[in-house]
K.L.:
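Structure incoming, see below.
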Amino acid sequence: MCETPETPGTLPTAAAEVDLTVVIPAYNEERRLGRTLDLICRYLRSSPGRHAAWEVIVSDDGSRDGTAAVVEAASREEPRVRRVGGGGHNHGKGHALRLGVLASRGRRVLVMDADLATPVEELAALHERLDAGYAAAVASRAHPGARIEVRQPRLRQALGQAGNVLIRAVAVPGLRDTQCGFKLFEGERARAAFSRSRLDGWGIDVEILRGFGRAGWPVAEVPVRWSHQVGSKVRAVDYLRVLGELARLLTRGPRPADRLVVAGYLALAAVLFGGLWADLDGRYLVDGGQDQTQWEWFFAVTADNVLHLRLGDLLFTTLQNAPLGVNLMANTAMFGLSVPLAPLTAVLGPEVTWAVVLTGGLAATAAAWYWLLLRRFVRSRWAAALGGALCAFGPPMVSHANAHPNFAVLFMMPLIADRAMRLRNGAARDGVLLGLFAAYQVFLGEEALLLAAVGLLLFAVAWAAARPREARAALLPVARGLAVAGGVAALLLAYPLAWQFFGPQSYTGLEHGPTGNSPLAIVEFAGRSLAGDEATADALALNRTEQNAFLGWPLLAFATVVTAWLWRDARARALAFTAAAAVVLSLGRSIPVPGTGVELPGPWRLVDGLPLFESVIESRMAMAAVPALGILVALACDGLAATRDRAVRVAGWSAVAAALVPIVPTPLATDERPPVPAFVADGTWREYLPEGRTLVPVPLPAPHDAAALRWQTVADLGFAVPGGYFVGPAGEERRGVYGPVPRPTAALLRDVADTGLVPEIGEAERERARQDLAFWRAGLLVLSPQPRDAALRVTLRALLGQEERWVGGVWLWEVSRKGS
């Protein structure tokens, strides 16, 4: 996947029709600037095929001589010459270049020194490199093919060579000469890079080239003719200043605006989970059903294994579903966070970890998208802030935040996308890092990674169709990079994935049945959004944690208009295709036509049943549309920030508000947790449960009733339980199911709990109960007060042939006494 040369938000006006802008920084250059401008203009006029439309900008950095008069005289003869800047203060070359480049309009921008040390005729060689697909071409005096006609004084030459060695080592690897004052850039990328630059001095060249490298924009080094010119403004002390600026460049932190944006994301996440933070021990996210209890249990078990150095037990446990156990790698244990947060879990409890993961994870996801948008798509920080907010706090992500952090905490996705875009540079390092990032994401959420990969593939296909020449040039290096990434990831994941797919309690696939989105769900609003209606949303989704679309018709209409506005930008077209394709895929195998009873075949049929895809809930594919829409919104906002037309700004920002305000999420609903019985909470259970035996809650814990898992975490995982909430195998084909395959006694007790009807208990039922209790290695049956508990007590008396005991707020049946 590659980055395209268009800048987000570029307005389709005549200003964009300039082929080339030449930017010349000038400080007290009246003696030689006139000749330089004359030679440049003559050259550009002599090559109308290449430079049909051009402009020359002299960026005056506070000259005190007649520089302004020279430019004014040149502009009378050639109106395409103009001056920017001026004033009485000299800021430095970096300031002058930034001012000139940001005033440019050319599709390509040449920055060159006023002394013509590199003849303007060398521009042709730089154009050739951009024609070949490079984002920038820099003139080089150190390249083996360079021709140095007049050399610098030896001291300056030695200082320059030493500085370049250091620069290559720490900032711009691979470039022999960063300081030669003759560089050609793709215009929009140049304007994006210079708008983010901070250095005002000679170090600007390093900063810009480093920015191109970090963005994955390929830079070519071109040997040129070069002659030292008398009267150069570069002094020996300036080499030391470049090194000082290099140190600033490598050590600087985020800007205050960046900190403010991230703080805003964190505040928004805190508001969403305010009910949870108000009472971490006493409240839970009600829309998530039993999932919060399951996740807290995963965090607690992982922390216990890590802190007791039982690393061999990380992937498997028998604490639930005893004695068969649970394959934790085949479940959502989220080791990428549960392992590093183990100390937090041990000290403050899994409830705190749960809240930290959700709150910090959503904020971190938004911050990561903000970073990617600034790096690759937009110049306006506020445009990036809005886009990042939509990417992380869009309706599907907030829906999953009730119960599924593996689908809401996605801060690795922008990093993976960025590294994938860099693969076109052909650097093995990018493939290695992509493999490391993908491997880490597997330990955060595998299905989310699969959906993201599909989204990236859709974008790449659409972008390649729009940019076939660049796509062909990128194909081989991208393929090599993916091979390296795959090798690194395979090496790291070989053992855990082998355990997941072939280890104990592994399964071959997870059956969900038809789970595609309704077409109406695409244009409606989520139940927990400002414009949402809970009843409407509930009728269109599997449950409240699976409201995977609900993008709202205003956002979709806005995205359509933005796509038309930015149609010339290949990225906008690719993003629109990605969003549309992801939405259509999310409709599932069959697409119902609302109001007709007719069903059309859906494109999900192409992947349904393939390895990995067979376990995917297809409606979740709509989640891949959200980042695409978020980037489109950022592109639009970036264009609005750049336009000077007040009417366009007012109309545009009003449309942005109309698209986003209806889907602003509301605080997630919470409710009081069922209390943990004192028998468990105060440790009384230790007096009644024999060593090595299981505690059997009645009815046995299941996906819709997992309260006993919280009993375990409160009891510091001191006992195991049969049953539970996990995914495990069922039947000879070992297909994945939620919860255990119920044994006869577990099914009987669940029926009584659900209906309140006491069945007839005969010797056959009692024998099955004896067999099941022996299989579970049961030591104690525990029934807490609940609806229909009277029917459960009667049933257990008949099954076990003994009366219950009331201890610590629960009824007990001792199956195996201590010492037996």
Side-chain angles (χ1 to χ4, degrees), residues 1 295 298 315 328-340 357 361-362 364-365 368-369 372 391-392 394 396-397 400-401 404-423 430-461 478 481-501 509-510 512 546 548 578 581-582 585-586 604 607 610-628 630 727 736:
M1 183 177 299
W295 279 98
F298 284 141
L315 303 183
L328 293 175
M329 189 63 202
N331 281 264
T332 53
M334 214 172 182
F335 294 122
L337 288 178
S338 60
V339 169
V357 166
L362 276 184
T365 301
W369 282 112
L372 181 67
C391 290
M397 268 59 71
H400 281 280
H404 307 143
N406 53 321
F407 280 100
V409 180
L410 302 174
F411 57 84
M412 287 303 300
M413 298 311 182
L415 305 183
I416 289 171
D418 174 70
R419 196 56 56 174
M421 292 178 187
R422 291 172 183 249
L423 293 181
D430 293 322
V432 171
L433 288 175
L434 178 60
L436 292 174
F437 291 171
Y440 178 64
Q441 176 58 41
V442 165
F443 293 108
L444 294 176
E446 296 175 52
E447 187 175 341
L449 178 61
L450 177 63
L451 298 181
V454 174
L456 286 170
L457 179 62
L458 292 172
F459 179 87
V461 169
V478 168
L482 290 175
V484 171
V488 170
L491 183 64
L492 295 174
L493 296 172
Y495 180 77
L497 290 182
W499 183 277
Q500 173 180 341
F501 292 107
L510 189 58
H512 292 292
E546 295 290 348
N548 293 310
T578 301
L585 282 170
S586 79
W604 188 260
V607 298
L610 294 177
L612 302 181
F613 286 94
E614 61 184 0
S615 300
V616 171
I617 293 178
E618 53 263 41
S619 65
R620 291 174 176 172
M621 193 64 231
M623 298 179 71
V626 177
V727 180

K.L.:
For H404, enumerate each residue passing the ring pair (Phe, Tyr, Trp, His ring centres under 6.0 Å) test, keeping only those at least two apart in sequence or located in another chain.
P.N.:
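Scan of H404 (ring pair (Phe, Tyr, Trp, His ring centres under 6.0 Å), adjacent residues dropped) gives H400.
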K.L.:
So, using side chain to side chain donor-acceptor pair (under 3.5 Å) as the criterion, who are the partners of D418 when residues are at least two apart?
P.N.:
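For D418, the residues satisfying side chain to side chain donor-acceptor pair (under 3.5 Å) (neighbours in sequence not counted) are R376, R422.
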K.L.:
Sort and list the pairs that fulfil side chain to side chain donor-acceptor pair (under 3.5 Å) and have at least one residue in residues 611-621, not counting sequence neighbours.
P.N.:
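Pairs touching residues 611-621 that pass the test: E447-R620, T515-E618, E546-R620, N548-S619.
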K.L.:
Hey, which of L410, L415, V409 is the one that makes side-chain contact (heavy atoms from CB on, under 4.5 Å) with M412?
P.N.:
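Exactly one candidate clears the test, L415.
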K.L.:
Minimum heavy-atom separation for W499 and L315, please, with both atom names.
P.N.:
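In terms of heavy atoms, the two residues are closest at NE1-O, 3.1 Å.
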K.L.:
For the CD1 atom of I416 and the CG atom of L449, what is their distance to the nearest 0.5 Å?
P.N.:
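Rounded to the nearest 0.5 Å, the CD1-CG separation comes out at 5.5 Å.
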K.L.:
Excluding sequence neighbours, so at least two apart, what forms side-chain contact (heavy atoms from CB on, under 4.5 Å) with A364?
P.N.:
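Scan of A364 (side-chain contact (heavy atoms from CB on, under 4.5 Å), adjacent residues dropped) gives F411.
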K.L.:
Of all the heavy-atom pairs spanning A417 and L372, show the shortest one and how long it is.
P.N.:
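Looking at all heavy atoms of both residues, the closest pair is CB-CD2, 4.3 Å.
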K.L.:
According to side-chain contact (heavy atoms from CB on, under 4.5 Å), who are the partners of A439, at least two apart in sequence or on a separate chain?
P.N.:
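With neighbours one apart ignored, the set is L492, L493.
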K.L.:
In chain order, what residues pass the side-chain contact (heavy atoms from CB on, under 4.5 Å) check against V432, with sequence neighbours excluded?
P.N.:
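Here the qualifying residues are L436, V484, V488.
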K.L.:
Run the side-chain contact (heavy atoms from CB on, under 4.5 Å) test on L337 and F443 for me, step by step, so that the C-alpha distance in whole Å, both residues' side-chain angles and the decisive distance to 0.1 Å come before the verdict.
P.N.:
CA-CA 8 Å; L337 288 178; F443 293 108; over 6 Å; no
K.L.:
How would you list all residue pairs meeting salt bridge (charged side-chain N to carboxylate O under 4.0 Å, His left out) that involve residues 405-416, not counting sequence neighbours?
P.N.:
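Every pair satisfying salt bridge (charged side-chain N to carboxylate O under 4.0 Å, His left out) with a residue in residues 405-416: there are none.
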K.L.:
According to side-chain contact (heavy atoms from CB on, under 4.5 Å), who are the partners of A452, at least two apart in sequence or on a separate chain?
P.N.:
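Partners of A452 by the side-chain contact (heavy atoms from CB on, under 4.5 Å) criterion, ordered by chain and then number, come out as M413.
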K.L.:
Search all heavy atoms of N406 against all heavy atoms of W295 and return the closest pair with its distance.
P.N.:
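Closest pair (atom of N406, atom of W295, distance): OD1-CZ2, 3.4 Å.
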K.L.:
Tell me the closest heavy-atom pair linking A622 and S586, and the distance in Å.
P.N.:
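Closest approach of A622 to S586, heavy atoms only: N-CB, 3.4 Å.
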K.L.:
Please collect all side chain to side chain donor-acceptor pair (under 3.5 Å) contacts where either partner lies in residues 436-445, sequence neighbours excluded, each pair once.
P.N.:
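Matches after skipping sequence neighbours: none remain.
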K.L.:
Might you point out which heavy atoms bring G435 and A489 nearest each other, and give the distance in Å?
P.N.:
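Of all heavy-atom pairs spanning G435 and A489, the closest is O-CB, 3.8 Å.
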K.L.:
F407 vs M623, test: side-chain contact (heavy atoms from CB on, under 4.5 Å). Steps then yes/no.
P.N.:
CA-CA 9 Å; F407 280 100; M623 298 179 71; 3.9 Å; yes
K.L.:
Which residues satisfy the side chain to side chain donor-acceptor pair (under 3.5 Å) test with D430, sequence neighbours excluded?
P.N.:
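Here the qualifying residues are R419.
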K.L.:
So, do L456 and T578 sit near enough that their side-chain heavy atoms are less than 4.5 Å apart?
P.N.:
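L456 does not reach T578 side chain to side chain.
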K.L.:
How long is the span from the CZ atom in F335 to the CE atom in M329, to the nearest 0.5 Å?
P.N.:
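It comes to 7.0 Å.
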K.L.:
Taking all heavy atoms of T365 and all of A408, pick out the closest pair and write down the distance.
P.N.:
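Closest approach of T365 to A408, heavy atoms only: OG1-O, 3.7 Å.
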K.L.:
Flag the pair V454 / F459 as yes when at least one side-chain heavy-atom distance between them is below 4.5 Å, and no otherwise.
P.N.:
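In short, these two side chains do not touch, never coming nearer than 4.5 Å.
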K.L.:
If the condition is side chain to side chain donor-acceptor pair (under 3.5 Å), which residues does S338 pass it with, not counting sequence neighbours?
P.N.:
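S338 satisfies side chain to side chain donor-acceptor pair (under 3.5 Å) with no other residue.
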K.L.:
Residues in ring pair (Phe, Tyr, Trp, His ring centres under 6.0 Å) with F298, at least two apart?
P.N.:
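Ring pair (Phe, Tyr, Trp, His ring centres under 6.0 Å) list for F298, sorted by chain: empty.
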